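Worksheet: one structure, shown below.
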Amino acid sequence: MIGRTAAEAISEGSRLAEFSRLFLANRSAMLGATIVLIAVVVALLSSWLAPTDYARTNMLFVWEPPGDDFVLGTDALGRDVFSRLIVGARVSLTIALSVLAIALTVGTAAGMAAAWNGGWIDSLVMRTADITFAFPELIIAILVAAILGPGILTVIISLSLVSWPGIARIVRALVLTLRGELYIDAAIVCGTPPTQILLRHCLPNIVPALIVRASVGVGFIVMAEATLSFLGLGVQEPLPSWGGMIRDGLTALRTDPHLSLAAGAALGTTIIGFNLLGDGLRDLLDPRIRER
Amino acid sequence: MTAALELSRLSVSFPGQPDRLRVIEGIDLAVGPGEVVGLVGESGSGKSVTALAAMRLLPSVARIDAGAVHLGGRDIVGASRQELLRIRGAEIAMIFQEPMTSLNPLFRAGFQIGETLEVHLGLSRAEARRRAIELMRAVGIPAPEVRVDDYPHQLSGGMRQRVMIAMAMACRPKVLIADEPTTALDVTIQAQILQLMRRLREESGMGILLITHDLGVVAGMADRVVVMYAGMVMEEAPVRSLYAMPHHPYSRLLLKAIPRVRERADRLNQIAGTTPPASRFPSGCRFHPRCPDAIDRCRMELPPLETMPDGRKSRCWRTGEAGLPSMST
Amino acid sequence: MKPLLEARALSVHFPVRGTSMSGDSRLLRAVDGVDIEIGAGETLGIVGESGCGKTTLGRAILRLLEPTGGSIRFDGMDVTRATGAALAPLRKSVQAVFQDPFGSLNPRMRVSDIIGEPLRNLGWPRPRISARVAEVMEIVGLPPEYASRHPHAFSGGQRQRIGIARALAPSPRLIVCDEAVSALDVSIQAQILNLLKDIQRDFGVAYLFVSHNLAVVRHLSHRVAVMYLGRIVELCDEGRLYTAPLHPYTTALLSAVPEPDPERPNRPVVLEGDLPSPIDPPPGCTFHTRCPVAKPDCRATAPALREIEPGRFVRCHFPGSFRQAEVTS
């Protein structure tokens, strides 16, 4: 009784204000958001921020340590590490966001179709998801690379393949819960077609959960992309990627660790940023946690 | 004779914005030994908060701002946690609307009844179990020797409420607070539970504060009725005289708004508007925005709960006047 | 005259995983061979206790679930298993009002979109939808300027008005009301019941009114069906059913309703025991386990629903053997 009157007092506008207030008060979420924001800005402005051309080699200055001429030194081909790091941010985030977009679209559509129709469609979708989920991303990437050869497209396809089942499962579970809501019954009774019910009634209600899932998932995708590039299955020279840079640095790790360290630090910080942001958003948006 | 339970000038507030919300205000209420007092009101009237305050079971954010809760002649508003643990169960007990949420799903029914006995009367485990079976038989649970080992989910709604009542009765409390005890039950099961409560009252002589929105249940159970609206007592009267001639316009209109099973009315008398939440309790008489009898004075000044010569109480400036609009419809 | 809606031998059986060790699946007969007709502009009440199948019956009529047996004809058309376009006439002309005024409105949609939803599905142009939304809001007593608000800004009673406005928008010929006033306070319940009556008088819509509340059903219905364990046990006009019930279950049910009248309290026939499970209904007459006048015959053979007077159907071997007179004396 008390709860209901209190809930009535919260209007739509103040709900957003309440969300902002709680988010700003959450320190780790704010730290995560700041890191992510910096990474995104760097990626967007990489062409202007990079001091030199990331691909220009200079055999006179190989394995330069960090100093005045090269902020973070140079690699085995004398390329500017700082510039490559900045462009690498663009490459990593572009891949991560593409994978996210594909996985969210496919996963949401598949999860909704499975939940709404049930029966053989449900079985087909969920068994397919189980099968792709059972393979490590590495095996899938090797299989895809065997067909398409290594490269950005291979990374995007293989990471999308491993990412959509998780989203499909969440969406399916949420839609199944929503199907029990009376307002969904009310929509069916007044003749709303299933696609409209899913888009107008279900989707807005599962968006918060998807945002949380996506922000946690990005960290994983960035990491997986680095792994694939590290192994040479992903981004190809001369385009830089953080995973590839860590690998390049390994050959001289004892004498010139700056390359691996710089790329590793960039990778680690970005992943931590996404994870902190994701955890913070989950605390705020996930109703199971918010309901005390 | 002293009342078994007496609330005087009791006020409770909850946190709100910008100020705390006074959910109940100056509640006066007494339950004598062996008496059944019906506390009637709609949602938001504060009847459940009143019950929880009487048990000192309010959530931690709530605050008793003023007033006293006398139990057997002593005020328990200031009682410590230890004292309350001793009092609850032994002197005052409570049953709730949804027995499933009040029973622990992980423990057997008999154990939950026996636990109270172990704590309050210091009985041994075996002795407590024997008493639990007796109590279950007393509240009409068939085959209690078997049922004593059932988990709550194995029992039907009516049986769960009987287990709750057995728990409440375990230490022979002087007062039982029953908060919507039959609202979640079907009518035929409700009839069983009400009959059981009547019998237990006669056998044990305990006082019962029966909280309900159902004026039919009150009519058949209560000796005296207290009508609450928007956090205040509006009227108090013996059950027969209240139903025969309600003094407060709210009680009058409420009685005329109920559909009856014995006769079919063409149209029900409706009360305009909605019950206000605690954040928007009106000034003056809290019922005035919905009252057909309201005059200027009702909008400005809060009427006191006045005791009339016949001992009844009513909170209305126009009590005693004849030919009011609320009487004609 | 041809009925607006006609259900013949309607059954809804759910498979349940066996709780026994064998694990074979059994059938929960939620609705088991129900025959009903509803004429244009008529209200058919369905009463019964929880688990009697009344809500499932309503959901089957709404085609929220597919019947496992029997047929449903709406306006002469068989819609028992219709899907897609074949279901369109039903979706336009049969609407629903649900019990929970909080759960039945999408919290993320505006009132105008909620009420306009059935019209959008019919392909109405936007200006026409807005005009109709304003019109139905007026009819149900909501200020049209509230159209842009979200449901949480409204009280329970107002939300139920929004639900009624949505049902009314496409000018349906039948509205299924599932416990439509059960969650509301007495004073609000009276408003909504009066509103439903006004709507029927003004627009000639028929109701299938499902409720556990016998008084509310009497108030609104022309004819009433009493359900027990998935079957209709008695069906006739409201007057005869409430004043002289013929089935012992109807008699017991009516006697159990607490009357808001301390001078003439009800004397409930206390039915022994709980409702049997609809998975394993008792053999013979399913009511014999609780029937106060059961005879050996009742255990052996199941009675059929017989028309023993014109328009009066009873499923009992000995109709009228258990009279209200024995209850009130």
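Just the heavy atoms: all of them, side chains too, but no hydrogens, waters or symmetry mates, feed the values below. Proteins come first, then strands; the chains are lettered A, B, ... in the order of their sequence lines, and each starts at number 1. None of these values were measured; they are calculated from a predicted model.
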So, B:Q270 side chain and C:L193 main chain: donor-acceptor pair closer than 3.5 Å or not? no

Taking side chain as everything from C-beta outward and backbone as N, CA, C, O, which of these in C:S182 sits under 4.5 Å from a heavy atom of chain B? Side chain, backbone, both or neither. neither

Partner of C:S187 by side-chain contact (heavy atoms from CB on, under 4.5 Å), out of B:I258, B:L253, B:L268, B:I271: B:I271

On a heavy-atom basis, which atom in C:E49 and which in B:D186 lie closest, and how many Å separate them? OE2-CB, 3.0 Å

Hey, which of C:G239, C:G157, C:G48, C:S221 has the most heavy atom pairs under 4.5 Å with chain B? C:S221

With a 4.5 angstrom heavy-atom cut-off, is it the side chain or the backbone of C:H212 that approaches chain B, or both, or neither? neither

How long is the gap from CG on B:L215 to CG on C:D261, to the nearest 0.5 Å? 12.0 Å

Chain C contacts, top residue of B:H213, B:R290, B:R260, B:M159 (heavy-atom pairs, under 4.5 Å): B:R260

Kindly give the heavy-atom pair with the smallest separation between C:D198 and B:R267, and that separation in Å. OD1-NH1, 2.7 Å

Considering all heavy atoms of both residues, which atom of C:P258 and which atom of B:V217 are nearest to each other, and what is their separation? CB-N, 3.7 Å

Atom CZ of B:F281: over 12 foreign heavy atoms under 6.0 Å: yes

When you look at C:Y242 and B:V261, which way does the side chain to side chain contact (heavy atoms under 4.5 Å, CB included) test go after all the steps? CA-CA 8 Å; C:Y242 280 80; B:V261 80; 3.4 Å; yes

Between C:V216 and B:P259, which heavy-atom pair has the shortest distance, and what is it? CG2-CG, 3.7 Å

Give, as side chain, backbone, both or neither, the part of C:N213 having an atom under 4.5 angstrom from any heavy atom of chain B. neither

In terms of heavy-atom pairs under 4.5 Å, which option from B:D266, B:D214, B:L194 contacts chain C the most? B:D266

Heavy-atom contact with chain C under 4.5 Å, split by part of B:Q195: side chain

Against chain C, label B:A222 side chain, backbone, both or neither, depending on which of its atoms sit under 4.5 Å from a heavy atom there. neither

Got a donor-acceptor contact below 3.5 angstrom from the B:Q192 side chain to the C:L271 backbone? yes

Out of C:H219, C:E263, C:Q158, which one racks up the most heavy-atom pairs below 4.5 Å with chain B? C:H219

Pick one of side chain, backbone, both or neither for B:M221, based on which atoms fall under 4.5 Å of a heavy atom in chain C. neither

Is there side-chain contact between C:P268 and B:Q190, with heavy atoms separated by less than 4.5 Å? no

Output the option from C:G141, C:S50, C:P265 having the highest count of non-hydrogen pairs under 4.5 Å with chain B. C:S50

Scanning both residues in full, the closest heavy-atom pair of B:Y243 with C:P260 reads CD2-O, 3.4 Å

Considering only heavy atoms, which portion of C:R290 lies under 4.5 Å from any heavy atom of chain B: side chain, backbone, both, or neither? side chain

For B:R264 and C:R218, indicate whether the former's side chain and the latter's backbone hold a donor-acceptor pair under 3.5 Å. yes

Residue C:L184 versus chain B: region with a heavy atom under 4.5 Å: neither

